[in-house]
Amino acid sequence: MDLAADSALMQAAGRGDRGAFAALVERYQTSVLRFAHGLLGPAARDVAEDLAQETFLAAWEAAPQFRGDAQVSTWLLRIAANVCLDHCRRSRRRRAASLEQEAVPDTRTAEQDRPDGQALADERAAEVRAAIARLPPSQRAALVLRHFEGLSYVEIADVLETSVSAVEALLFRARRSLAATLAPDSTGPPQVSSAPDV
Amino acid sequence: MRCSQARRLLSASLDGELDARRQTRLRDHLGLCAECRRFGERLRACHARLQALPLPEPSSGFAARVMSAIPIVRRPGRRASWLSILRPARVAAALLAMICGAMAARSMNGTPTGQATAGGSSVEQPYARWFAALPEDSPAARYVALLGAVEE
């Protein structure tokens, strides 16, 4: 990915070049949608697409202020984070209820028509997504940026407009919660030889 | 190192975000603490499940829908909006300053044009030159002219 070219495209978009902006939408649609989808949960694909679209509209409006001092990807994800976290704040109670109710039943219905292996994989994926959906939005955002987008701590801090230390803490708390749900402490006796290779 | 610190470092180690010093401290702690080693295994299991999640792709035509929703003419941004709010305010402030200046000149000299009569001769006041330099169509010049008309 050519960062300088992306920056030039965004600056052209800032001058009103719709073609340049269309190229950026094409390039970053997956990233923005993946982030929105990861943040909002499994039962909100339509909402995620709406918020991804809202992100790009906001980016178009803000493009004249883009000065190239941030990567386009980080800049777009920062807008997406603001749009999605704002949505989460506005609909926190309603969303929390709907995610927990909708995530698992959808998969259980689907598994009846699938081979056992696929059904099990879907069930496990739904379990992970439901566990992610129960995390606080800031932890979820950090986790999604790390696992779905592969961003470094510095990049996540840039997107979420916080410190690297705060990102480390957010990810630790998120993983601790997920471990309690997905990998309860029943994995057998500790093995000295399997200590993390760090 | 306390277990709470070690567990936070375990999380960062999964992401390759530990420097050599913290790696060493973590390894030393794990060598002594079975509970934290077990916690590390659980984190790894979670990490593997997260990595295995299928990632969503945009529906077909998403980019086209985005572009069709973008307005032909960009709305003024926040910065422009603030400028548009400030512009009339600046004009009003400038006018107010000019009015105050004109009133001060009038009270000091008895005439808004800065011309005072002393012994039959016209004495130039400090404001007269400034007023004369105003563009004819400027609000301040119009106000000064209005004050002169009212005075007459």
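Model, not experiment: these values are computed from the prediction.
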With rounding to the nearest 0.5 angstrom, report the CG to NE2 distance, B:Leu14 to A:His147. 7.5 Å

Give a yes or no answer on whether the side chain of A:Arg67 reaches the backbone of A:Pro64 with a donor-acceptor pair at less than 3.5 Å. yes

Taking A:Glu54, A:Glu26, A:Arg146 one by one, which has the highest count of heavy-atom pairs under 4.5 Å against chain B? A:Arg146

Quick check on B:Ala12 against chain A: is it the side chain, the backbone, both or neither that has a heavy atom closer than 4.5 Å? both

Please tell me if the side chains of B:His29 and B:Arg2 come closer than 4.5 Å, counting only heavy atoms from C-beta onward. no

Please identify which of these residues, A:Tyr28, A:Phe66, A:Phe56, meets the ring-ring contact (aromatic ring centres under 6.0 Å, His included) condition with A:Trp75. A:Phe66

For chain A, which candidate among B:Ala20, B:Pro56, B:Ala69, B:Cys46 shows the most heavy-atom pairs at distances under 4.5 Å? B:Pro56

Heavy-atom closest contact (B:Phe62 atom, A:Gln53 atom, distance): CZ-N, 3.9 Å

Between the side chains of B:Ser59 and B:Arg65, does any donor sit under 3.5 Å from an acceptor? yes

Between B:Glu35 and B:Arg38, does any NZ, NE, NH1 or NH2 come within less than 4.0 Å of an OD or OE carboxylate oxygen? yes

Could you tell me which residues in residues 159-176 of chain A have at least one non-hydrogen atom under 4.5 Å from a non-hydrogen atom of chain B, sorted by residue number? A:Ser165, A:Glu168, A:Ala169, A:Leu171, A:Phe172, A:Arg175, A:Arg176

Going through the checks in order, is the side-chain contact (heavy atoms from CB on, under 4.5 Å) test met by B:Glu17 and B:Ser11? CA-CA 9 Å; B:Glu17 293 273 354; B:Ser11 168; over 6 Å; no

Heavy atoms of A:Leu85 and A:Ser138 approach each other most closely as CD2-N, 4.5 Å

Decide if atom CZ of A:Arg124 counts as having more than 12 heavy atoms of other residues, nucleotides or ligands within a radius under 6.0 Å. no

State whether A:Glu127 and B:Arg49 are salt-bridged, where the test is any N-O pair (Lys NZ or Arg NE/NH1/NH2 against Asp/Glu carboxylate O) under 4.0 Å. yes

Counting only non-hydrogen atoms closer than 4.5 Å, can you tell me which residues of residues 29-36 of chain A sit against chain B? A:Gln29, A:Thr30, A:Leu33, A:Arg34

Part of A:Thr181 lying under 4.5 Å from any heavy atom of chain B: neither

